[in-house]
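Since the model is a prediction, treat every value here as computed from it, not as a measurement.
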Amino acid sequence: MAQNPDSDPTSTLLRLRSSIDNIDAALVYMLAERFRCTQQVGELKAEYGMPASDPAREQRQIERLRSLAAEADLDPEFAQKWFTFVVAEVIHHHERAAESR
Ligand SMILES: C=C(O[C@@H]1C=C(C(=O)O)C=C[C@H]1O)C(=O)O
């Protein structure tokens with residue numbers, strides 16, 4: 001009789017880790033794509049003398065992401081922390097783009 005593939009904890013661990021590795025790869029590609037977009041925003045802002053950060057836009061994004069996180073059963077605080085961390089890096093890039101003009 002065929003064994004249940006999940007009856008062996010080692011195979012279960014390997015199967016789950018394989019999915020985790022795929023998800024991590026997708027996240028890296030998604031982040032790279034996001035930074036490619038924000039880089040273009042940074043160049044546009046530097047060219048036209050627009051401010052690096054837009055707190056009102058960020059506030060709207062935070063509210064939207066918190067609501068999406070709650071729907072997806074993800075901690076909204078965690079979603080906000082992740083967003084704030086990424087945006088801080090984006091703004092740093094925008095400031096560097098403006099300085100190098
Ligand atoms: C990318 C922008 O610049 C900043 C970075 C943001 C982001 O990474 O989502 C949002 C607002 C701005 O503070 C933008 O203004 O759209």
Side-chain angles (χ1 to χ4, degrees):
M1 196 160 98
Q3 251 203 323
N4 172 357
D6 276 358
S7 64
D8 167 13
T10 305
S11 347
T12 305
L13 185 61
L14 288 176
R15 178 178 57 75
L16 291 171
R17 283 184 175 170
S18 165
S19 288
I20 290 167
D21 286 346
N22 284 348
I23 293 164
D24 287 347
L27 287 173
V28 164
Y29 277 99
M30 302 280 283
L31 264 179
E33 213 45 46
R34 190 184 200 283
F35 275 99
R36 262 193 275 279
C37 288
T38 56
Q39 188 185 344
Q40 291 176 56
V41 172
E43 283 158 14
L44 192 74
K45 286 180 172 180
E47 189 176 347
Y48 292 97
M50 296 153 106
S53 76
D54 183 341
R57 156 90 173 141
E58 288 172 31
Q59 198 46 48
R60 290 193 300 275
Q61 288 168 285
I62 287 169
E63 277 156 27
R64 176 170 175 267
L65 288 175
R66 287 187 68 99
S67 152
L68 287 172
E71 263 177 54
D73 211 14
L74 178 72
D75 179 3
E77 270 312 296
F78 171 77
Q80 181 167 350
K81 273 191 211 154
W82 164 82
F83 177 76
T84 307
F85 179 71
V86 171
V87 170
E89 183 69 12
V90 170
I91 290 169
H92 184 60
H93 290 182
H94 287 184
E95 287 166 348
R96 277 210 319 243
E99 283 159 18
S100 67
R101 290 235 154 206

J.: Suppose we screen for side chain to side chain contact (heavy atoms under 4.5 Å, CB included). Which residues come up paired with Asp24, at least two apart in sequence or across chains?
T.: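 With sequence neighbours excluded, Asp24 shows a side chain to side chain contact (heavy atoms under 4.5 Å, CB included) to Ile20, Leu27, given in chain and number order.
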J.: So which pairs with a foot in residues 61-82 pass salt bridge (Lys or Arg N to Asp or Glu O under 4.0 Å), sequence neighbours left out?
T.: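 Salt bridge (Lys or Arg N to Asp or Glu O under 4.0 Å) check on residues 61-82 returns Arg66-Glu77.
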J.: Just so I know, are the side chains of Val87 and Thr84 near enough to count as touching, which here means a heavy-atom distance under 4.5 Å?
T.: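 Not in contact.
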J.: Pro76 and Ala69: which non-hydrogen atoms are nearest, and at how many Å?
T.: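 Nearest pair, atom of Pro76 first, then Ala69: CA-CB, 4.0 Å.
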J.: Filter on salt bridge (Lys or Arg N to Asp or Glu O under 4.0 Å), then keep only pairs touching residues 92-101, sequence neighbours left out; what's left?
T.: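 Those involving residues 92-101 do not exist here.
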J.: Can you name the side chain to side chain contact (heavy atoms under 4.5 Å, CB included) partners of Arg17, sequence neighbours left out?
T.: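 By the side chain to side chain contact (heavy atoms under 4.5 Å, CB included) rule, Arg17 matches Leu13.
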J.: Kindly write out the residues that satisfy salt bridge (Lys or Arg N to Asp or Glu O under 4.0 Å) with Arg36, not counting sequence neighbours, or none if the list is empty.
T.: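 For Arg36 the salt bridge (Lys or Arg N to Asp or Glu O under 4.0 Å) partners, ignoring immediate neighbours, are Glu33.
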J.: What's the shortest heavy-atom distance between Ala79 and Leu74, and which atoms?
T.: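 Shortest heavy-atom contact: CB-CD2, 4.3 Å.
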J.: Do Val86 and Leu68 land in one hydrophobic cluster if side-chain heavy atoms of ILVMFWY residues count as linked below 4.5 Å?
T.: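 Linked, Val86 and Leu68 end up in one cluster.
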J.: Taking ILVMFWY side chains as joined if any heavy atoms are under 4.5 angstrom apart, and letting links pass through other members, which residues group with Met30?
T.: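 Members other than Met30 - counting any ILVMFWY side chain reachable under 4.5 Å - there are none.
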J.: Give the cluster check for Met50 versus Val41: same hydrophobic cluster or not, with ILVMFWY residues linked at side-chain heavy-atom distances below 4.5 Å.
T.: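 No, Met50 and Val41 fall in different hydrophobic clusters.
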J.: For Glu89, what residues pass the side chain to side chain contact (heavy atoms under 4.5 Å, CB included) criterion, not counting sequence neighbours?
T.: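 Residues passing side chain to side chain contact (heavy atoms under 4.5 Å, CB included) with Glu89: Phe35, His93.
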J.: For residues 38-91, which residue pairs pass the ring-ring contact (aromatic ring centres under 6.0 Å, His included) check, not counting sequence neighbours?
T.: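 Checked against ring-ring contact (aromatic ring centres under 6.0 Å, His included) - neighbours excluded - no pair reaches residues 38-91.
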J.: Please list all pairs passing the salt bridge (Lys or Arg N to Asp or Glu O under 4.0 Å) test where one or both residues lie in residues 37-62, with sequence neighbours left out.
T.: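 Listed by first then second residue: nothing to list.
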J.: Please examine the side chains of Val90 and Arg34, heavy atoms only from C-beta on, and report whether any two atoms are closer than 4.5 Å.
T.: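 Yes, at least one pair of side-chain atoms sits under 4.5 Å.
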J.: Rounded to the nearest 0.5 Å, how far does CD of Gln61 lie from CD of Gln59?
T.: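 Here the rounded value is 10.0 Å.
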